[in-house]
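Worksheet for the structure shown next.
What's counted below: heavy atoms across the whole structure, side chains too, no hydrogens, waters or symmetry copies. Count residues from 1 along the sequence.
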Amino acid sequence: MEQPENPAGSAPELTQAPTPTPEQQPEPESSKSNEPKKKSKLVLIIFALLLLLIIGVGLVYYFVFYNKDSADTDSQDTTSEQTEQTKETVKVDLSQYDGKVLQITSSKDNIEGKVWLTYDSEDDSLKAQFNALLTADLPVNGTCGGSVEGATGCQDMIRHEYAQKTISQKNSSNSFGVFLYPVLCNKTKQLEKSEWDTKFEIYGASACGMDTHIQEKTSTFLIWGQIYYDSYEKILGLYDVTVYDSSQYWIETTDKNSQKYKDDPEGSRYFELESQDSIVDKNKVSDYVMEFKE
């Protein structure tokens with residue numbers, strides 16, 4: 001009889017399971033628990049690197065840009081201060097402009113004249129004497145103090161009684177206010193410096209052979225004056241010329257105790273026009289602009 005392959009009572013054969021490869025072996029528990037810690041450390045390292053990068057960029061910006069701007073500003077301030085100090089240190093010799101002649105013009109071609117410069121050694125300044133002819137249609141407003149009989153004492157001014165104020169647009173303190181003299185003849189003549197003191201004789205009624213009681217209306221007037229400056233550059237530029245009605249600013253200057261007045265009370269009356277007092281806003285008539293230039 002054949003023996004059974006596995007007779008009863010005999011121990012069964014044991015089948016040995018295959019040995020797992022290293023890849024198939026399960027990870028130990030301790031290895032799994034360390035994985036989150038490694039990830040946390042990695043995150044912290046990345047965060048620290050980013051933080052260092054941000055700080056580094058900030059430091060670079062500060063030293064490269066901010067300090068540069070500060071240095072540029074300091075340099076500009078220093079340069080500006082040095083320039084101002086240089087201007088104060090270097091004194092311009094104003095005497096070099098003594099005798100220089102400037103031209104007076106206007107954009108509307110209604111003002112033309114000259115400026116004569118004279119050096120004042122006592123004040124170390126320049127005196128600018130100017131004469132310009134203004135073409136303007138100013139109405140007759142003469143009153144001669146309201147006295148027809150006193151017309152002979154009105155200095156040839158009975159027809160047009162205006163004041164003018166010339167003001168530098170650069171500096172309003174450079175200004176001059178005076179009577180706006182009516183030009184009755186020689187209306188195109190530009191004066192020379194030697195004629196400064198005789199300008200009224202050249203343009204006035206007596207020089208024109210006119211009857212001082214009548215006089216003709218004119219559209220030509222003399223802008224004139226003199227202004228002192230502490231630098232040549234301040235002279236050049238634009239000037240506002242404002243005209244004022246002075247007709248109500250006559251005062252009588254008659255000496256009623258004089259023998260002449262006693263002999264001829266009406267014919268010996270004298271009047272003086274206080275044109276300076278009329279230079280107020282309420283008396284403004286018109287405005288013009290002229291330029292002093294080389």
Under the side chain to side chain contact (heavy atoms under 4.5 Å, CB included) test, which residues partner S106, sequence neighbours left out? N110, I111

Side-chain heavy-atom pair E294, K100 within 4.5 angstrom cut-off: yes

Starting at OH of Y203, measure out to SG of C185 and round the result to the nearest 0.5 Å. 9.5 Å

Applying side chain to side chain contact (heavy atoms under 4.5 Å, CB included), name anything that partners S168, two or more places apart in sequence or on another chain. K170, N174, Y239

Centroid separation under 6.0 Å, is that true for the rings of F200 and Y181? yes

Mind checking whether Q169 and I167 have side chains closer than 4.5 Å, heavy atoms only? no

Report the distance from atom SG of C208 to atom CG of L184, rounding to the nearest 0.5 Å. 5.5 Å

Ion pair check, D230 and K234, cut-off under 4.0 Å: yes

If you count every heavy atom of other residues, nucleotides or ligands that lies below 6.0 Å from K187 atom NZ, does the total exceed 12? yes

K165 vs V241 side-chain heavy atoms within contact, under 4.5 Å: no

How would you list, by chain and number, every residue that makes a side chain to side chain contact (heavy atoms under 4.5 Å, CB included) with N283, sequence neighbours excluded? Y244, Y249, S278, V280

Run through the side-chain heavy atoms of Ile, Leu, Val, Met, Phe, Trp and Tyr, join any pair under 4.5 Å, and report what else lands in L52's cluster. none

Result of checking L180, L273, L138 against E161 for side chain to side chain contact (heavy atoms under 4.5 Å, CB included): L273

Tell me, please, which residues at least two apart from E291 pass side chain to side chain contact (heavy atoms under 4.5 Å, CB included). T105, L238, K293

Any side-chain donor near an acceptor of the partner, Q248 and S246, under 3.5 Å: no

Tell me the ring pair (Phe, Tyr, Trp, His ring centres under 6.0 Å) pairs involving residues 118-141, sequence neighbours left out? F130-F292

Side-chain heavy atoms of L126 within contact of D120, under 4.5 Å: no

Drop me the distance from L133's CG to I104's CD1, to the nearest 0.5 angstrom. 9.5 Å

Under 3.5 Å side-chain donor-acceptor pair for E192 and W116: no

Pairing donors with acceptors under 3.5 angstrom, does anything connect the side chains of Y288 and S286? yes

Partner of L94 under side chain to side chain contact (heavy atoms under 4.5 Å, CB included), chosen from D123, D124, L117: D124

